[in-house]
**Q** 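Please find one structure pasted underneath; my questions will follow.
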Amino acid sequence: MIYDVIIIGGGVTGCSIARTLSKYDLNICVIEKEAEIASGTTKGNSGVVHAGYAAQREYTKRYLCIKGNKSYTQAAKELNFPFERIGSFVVALEDNQIKELGEERKKGTEDGIPGLELILDKKKIKEMEPNLTDDVVGVLHAPSAGLVSPYELTFALAENAATNGVKFFRNHEVVKIKHQEYTFTVRTYQGEFQAGNLINAAGLHAARISKMLGLDYFSIMPRKGEYVLFDRNAIHLNKILFPMPTRVSKGILVCPTLHGNTFAGPNAQNITDREDISTTTAGLKEILDGGRKLVPNLPLRSSIRNFAGLRAVPDTYDFIIDNTDIYAFINVAGILSPGLTATFAIAEKVVEFLELLGVELNVRDDYNPIRPKPERFKDFTKEDLDKKIQEDPRWGRIICRCETIPEKEIIDAIHAPVGANTVDGIKFRCRPGMGRCQGGFCRPRVIEILSRELNKPYEEITKRGEDTNILIGRTKDIALKEISRGVSKE
Ligand SMILES: Cc1cc2nc3c(=O)[nH]c(=O)nc-3n(C[C@H](O)[C@H](O)[C@H](O)COP(=O)(O)OP(=O)(O)OC[C@H]3O[C@@H](n4cnc5c(N)ncnc54)[C@H](O)[C@@H]3O)c2cc1C
């Protein structure tokens, strides 16, 4: 089969483009190298839907961020992903920073950001955010800023795209591309795919994909950002708190999550390894020192996890969204922050490019923009829950005690369109392993459920795909094998 469009990369960018294009009568597929979608930069970031004042005016990312932010209200209704506009503060700790905040407010308002407000009344600021440092002298309040769960957004986009006919091929790494007579042949270790239009949304690897077609006009470097995540009862914030920005970074923020936790981070380290998401003691210290300038009582003993994400930083410092010199090859690369916020606007831009290329964009008769809300134990009333458990006892079998996740939610996550097939896939879809014990209790049960539902032996269930196997065999089988080989005695 020759597809109309192949999208390389199943991060938020690729999945958002897939979902937007799934409205049209086109054959589309997404090719992703990892076992799960949302495994790259999309998995490790701050999850802030930015208001849009932060990027300089000369950058496209500023305008796509402002536009993308506005799309979130409708998209969250259609796709049922967690999203809340809780608003953000940029915090000035010195009098001479107020002028800068005033300028950002003026420019942001001119560019269409709603509700930007400079607040200098300390009492009012502390009422709005009691945990903020007493050293505050003023804040830029952006009420349109919000929180989203980046991977839950991406799963929702992919599910809706799949329901509207998009095919997803995971565990397929693109290794070579040929372009001949208006057709792209995309080679993976698992087989070849052909399409008339090719979209490169390969994140940190986008420059490599572009080079496969001989286009070597940009480079992308990884920049690591580490985070510290705090337990639910540690602290409660009302607002997303940013320090004064520098020219290259928004700095270390302190931020609530949609699931009731708080995090601090990210720092910024230029690195060379595109897979290095390790965390360090120095990073932890830098984040705590930075975070405590905004929230002095950040309690280290309540931290439950450190993690890191990798920014895909292009040499232009701006999004590279190009109808390239190769006909029908579109680069959507260098999608650094605020790429998550801009994602719906980026997808619309790709539609404009396809229109320019003459692709027929007829809306499908059966297009359904709605992705149903996944049923959650925590959302039920006691009466509903009793009824649910009577209908299906798996609602009453709690697998993750920290997060109160029953077996039924895990099974639904496995059998959803583009469903989970790894332990991390389950964790990011419905949260077993996200709580205080970090999977110590529930992981063996999750492996059991994956093994049963996917009809695979335990040993083939992985944490996050190839080479991340958790179990290597049954203890007795291994011992018996060793005895028969004479390695160990009975
Ligand atoms: C520390 C940090 C904080 C951030 N905070 C925010 C924020 O608060 N708000 C915001 O708006 N943005 C934020 N961002 C930016 C945001 O996370 C990114 O813009 C967004 O996730 C980029 O998504 P993507 O789909 O382009 O890339 P990715 O998520 O990396 O997706 C690319 C995909 O392509 C796949 N791929 C690569 N090579 C191949 C190949 N050869 N074959 C097949 N598949 C391939 C990868 O496996 C990956 O899944 C932050 C980023 C970081 C790192």
Side-chain angles (χ1 to χ4, degrees), residues 6-18 30-52 54-55 61 64-65 68-69 72 88 145-148 150-151 153-154 157-158 168-177 186-190 193 199-212 220 222-227 240 242 249-250 252-253 255 257 263 265-269 274-275 277 287 307-314 319-321 331-347 464-465:
I6 289 178
I7 299 163
I8 302 174
V12 71
T13 306
C15 292
S16 183
I17 294 168
V30 175
I31 302 180
E32 166 55 52
K33 75 179 168 71
E34 300 297 330
E36 300 278 2
I37 55 169
S39 290
T41 301
T42 298
K43 190 165 71 177
N45 59 60
S46 309
V48 174
V49 174
H50 292 286
K61 59 187 177 181
L64 291 180
C65 177
N69 175 302
Y72 262 83
S88 65
L147 294 175
V148 66
Y151 31 87
L153 160 65
T154 307
L157 288 163
F168 282 78
F169 297 93
R170 291 171 291 177
N171 278 316
H172 279 68
E173 179 173 358
V174 173
V175 286
K176 201 168 181 183
I177 307 172
V186 175
R187 187 172 298 165
T188 73
Y189 292 120
Q190 282 71 24
F193 299 80
I199 298 171
N200 170 16
L204 276 157
H205 301 269
R208 189 163 76 90
I209 296 290
S210 187
K211 268 187 215 158
M212 287 181 195
I220 291 195
R223 183 180 290 162
K224 183 156 68 171
E226 294 180 50
Y227 291 92
I240 304 158
F242 293 98
S249 152
K250 296 182 199 79
I252 291 169
L253 54 144
C255 185
T257 75
F263 71 79
N267 59 357
Q269 306 152 57
R274 277 157 219 270
E275 311 292 332
I277 48 168
I287 291 161
F307 65 95
L310 297 180
R311 304 167 180 90
V313 183
F319 298 163
I320 297 164
I321 310 175
N331 271 325
V332 189
I335 308 299
L336 70 175
S337 187
L340 187 61
T341 312
T343 197
F344 297 104
I346 291 172
R464 54 171 186 278

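In this text the structure is predicted, and so the values were computed from the model without any measurement. Note that ligands are numbered from 1 as they come in the structure, with each ligand's atoms numbered from 1 the same way.
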**Q** Taking C-beta and beyond as the side chain, do Lys33 and Ser39 meet within less than 4.5 Å on heavy atoms?
**A** no

**Q** Quick one: does Glu32's side chain have a donor or acceptor within less than 3.5 Å of a partner on Glu34's backbone?
**A** yes

**Q** Go through the structure and list residues passing side chain to side chain donor-acceptor pair (under 3.5 Å) with Ser46, not counting sequence neighbours.
**A**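 Ser46 satisfies side chain to side chain donor-acceptor pair (under 3.5 Å) with Tyr227 once adjacent residues are dropped.
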
**Q** Give the C-alpha distance, both sets of side-chain angles, the deciding distance and a yes or no for side-chain contact (heavy atoms from CB on, under 4.5 Å) between Thr257 and Leu147.
**A** CA-CA 7 Å; Thr257 75; Leu147 294 175; 5.8 Å; no

**Q** Would you say the side chain of Leu157 lies within less than 4.5 Å of the side chain of Ile37, judging by non-hydrogen atoms?
**A**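 Heavy-atom side-chain distance check fails, nothing below 4.5 Å.
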
**Q** With a 3.5 Å distance limit and no angle check, can you tell me whether His205 reaches the backbone of Gly203 through a side-chain donor-acceptor pair?
**A**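 Side chain of His205 to backbone of Gly203, a donor-acceptor pair under 3.5 Å: no, none is there.
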
**Q** Applying a heavy-atom distance cut-off of 4.0 Å, which protein residues contact ligand 1?
**A** Ile8, Gly9, Gly10, Gly11, Val12, Thr13, Ile31, Glu32, Lys33, Glu34, Gly40, Thr41, Thr42, Gly44, Asn45, Ser46, Gly47, Val48, His50, His172, Glu173, Val174, Ala201, Ala202, Gly203, His205, Arg208, Ile209, Tyr227, Pro266, Gly309, Leu310, Arg311, Ile335, Leu336, Ser337, Pro338, Gly339, Leu340, Thr341

